[in-house]
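Take a look at the structure below.
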Amino acid sequence: MNESSRANPVHWIVAGLVAVIVAGGGGALTDIGAWYFDLNKPAWQPPDWLFGPAWTLIFVCCVFAAVKGWRAVESSRTRTLLVVFFLANAVLNLLWSLLFFHLQRPDWALLEVPLLWLSILVLIVLLWPHSRAAAALLFPYLAWVSFAALLNYTIVQLNRPLAAG
């Protein structure tokens, strides 16, 4: 067993801290005040209370995917790419929350969401040859962002024209 495949608590701590920082940052940027409640939303939008548990599950899956992926990848170049793409995904995740909720611009968030979606797909493709289990752990994230993109699109359509509040 090589060093990278041993149970190393540092992997869990680093991945967990990054997830907590991104989740906390996203939560801090999520302003669901009067402007949000005044938006027209589709009848099929899930209840607001569901978003917290959904994101918690997604972040847990991301932590497991990152650790399993890190342990499965042998090449330092691929490990570097893995870290770069997970960090890029974290930035894009926060950027979407900043645009949609903090700046109150669902239309700008809609322009950004394809980049977030692609960052998840790139991680899946990067992980697949090394650990299908790690890649599969990102499928719920990709599905949720796909759903969120459709919801984002519908909110933009229902609230035209949009401008910062």
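Not measured: the values here are computed from a predicted model.
- When hydrophobic clusters are built by joining Ile, Leu, Val, Met, Phe, Trp and Tyr residues whose side-chain heavy atoms come closer than 4.5 Å, directly or via intermediates, Leu118 is grouped together with Leu95.
- Annotation for Pro106 and Leu39: closest pair CG-CD1, 4.5 Å, computed over non-hydrogen atoms.
- Listed by first then second residue, pairs satisfying side-chain hydrogen bond (donor to acceptor under 3.5 Å, both in side chains) with a partner in residues 13-26 number zero, not counting sequence neighbours.
- A 4.5 Å side-chain heavy-atom check between Val10 and Val14 finds at least one atom pair inside the cut-off.
- Proximity of Asp48 to Phe37: side-chain heavy atoms (C-beta onward) are separated by under 4.5 Å at one or more points.
- With rounding to the nearest 0.5 Å, the separation of OG1 in Thr56 from CZ in Phe51 is 13.0 Å.
- By the 6.0 Å contact criterion, CZ on Phe64 is open, its count of non-hydrogen atoms from other residues, nucleotides or ligands being 12 or less.
- Note on residues 119-142: pairs passing ring-ring contact (aromatic ring centres under 6.0 Å, His included), not counting sequence neighbours, are Trp55-Tyr141.
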Between Leu150 and Trp44, does the side-chain contact (heavy atoms from CB on, under 4.5 Å) criterion hold? Intermediate values first, please.
CA-CA 11 Å; Leu150 178 61; Trp44 49 266; 3.9 Å; yes
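- Partners of Ser76 according to the side-chain hydrogen bond (donor to acceptor under 3.5 Å, both in side chains) rule, which considers only residues two or more places apart in sequence or in another chain, do not exist here.
- For the pair Asn159 (side chain) and Asn40 (backbone), a donor-acceptor distance under 3.5 Å is present.
- Under the rule for a ring-ring contact (aromatic ring centres under 6.0 Å, His included), the partners of Tyr36 that lie at least two apart in sequence or sit in another chain are Phe101.
- When hydrophobic clusters are built by joining Ile, Leu, Val, Met, Phe, Trp and Tyr residues whose side-chain heavy atoms come closer than 4.5 Å, directly or via intermediates, Trp35 is grouped together with Leu151.
- Applying the side-chain hydrogen bond (donor to acceptor under 3.5 Å, both in side chains) rule to pairs touching residues 13-26 yields nothing, sequence neighbours excluded.
- Proximity of a side-chain donor or acceptor of Thr30 to a complementary backbone N or O of Gly26 within less than 3.5 Å is detected.
- Both Ile32 and Trp144 sit in one connected hydrophobic cluster of ILVMFWY residues. Membership requires side-chain heavy atoms under 4.5 Å apart, directly or through other members.
- For Leu81 against Leu126, the heavy-atom pair with the smallest separation is C-CD2, 3.9 Å.
- At least one side-chain heavy atom of Ile155 sits under 4.5 Å from a side-chain heavy atom of Pro42.
- Between atom CG of residue Leu123 and atom CG of residue Leu137 there is a gap of 12.0 Å, rounded to the nearest 0.5 Å.
- Atom CD of Gln157 and atom CG of Asn152 lie 10.5 Å apart (nearest 0.5 Å).
- The shortest non-hydrogen separation linking Ala72 to Ser131 is CB-CB, 3.7 Å.
- A parallel orientation is assigned to the rings of Phe100 and Trp96, their planes being inclined by less than 30° (bins at 30° and 60°).
- Closest approach of Ala15 and Ala66 over heavy atoms only: CB-CB, 4.4 Å.
- Within the structure, every pair that satisfies the side-chain hydrogen bond (donor to acceptor under 3.5 Å, both in side chains) test and touches residues 110-121, not counting sequence neighbours, is listed here: Asn89-Ser119, Trp117-Ser146.
- Within the 4.5 Å cutoff, side-chain heavy atoms of Val67 are placed close to those of Arg71.
- Nearest approach of Ala19 to Val63, heavy atoms of both residues: CB-CG2, 3.5 Å.
- There is a path of hydrophobic side-chain contacts, each under 4.5 Å, that joins Leu115 to Val113.
- Rounded to the nearest 0.5 angstrom, Leu87 CG and Leu82 CG are separated by 9.5 Å.
- How far SG of Cys61 is from CG of Leu138: 8.0 Å, rounded to the nearest 0.5 Å.
- Side-chain contact check for Asp31 versus Gln104: some heavy-atom pair is nearer than 4.5 Å.
- Across all their heavy atoms, Pro140 and Ala136 have their closest contact at CD-O, 3.6 Å.
- Under the 4.5 Å side-chain contact rule for hydrophobic residues, Phe59 and Trp49 do not share a cluster.
- For the atom pair CG (Leu158) and CD (Gln45), the distance works out to 10.0 Å, reported to the nearest 0.5 Å.
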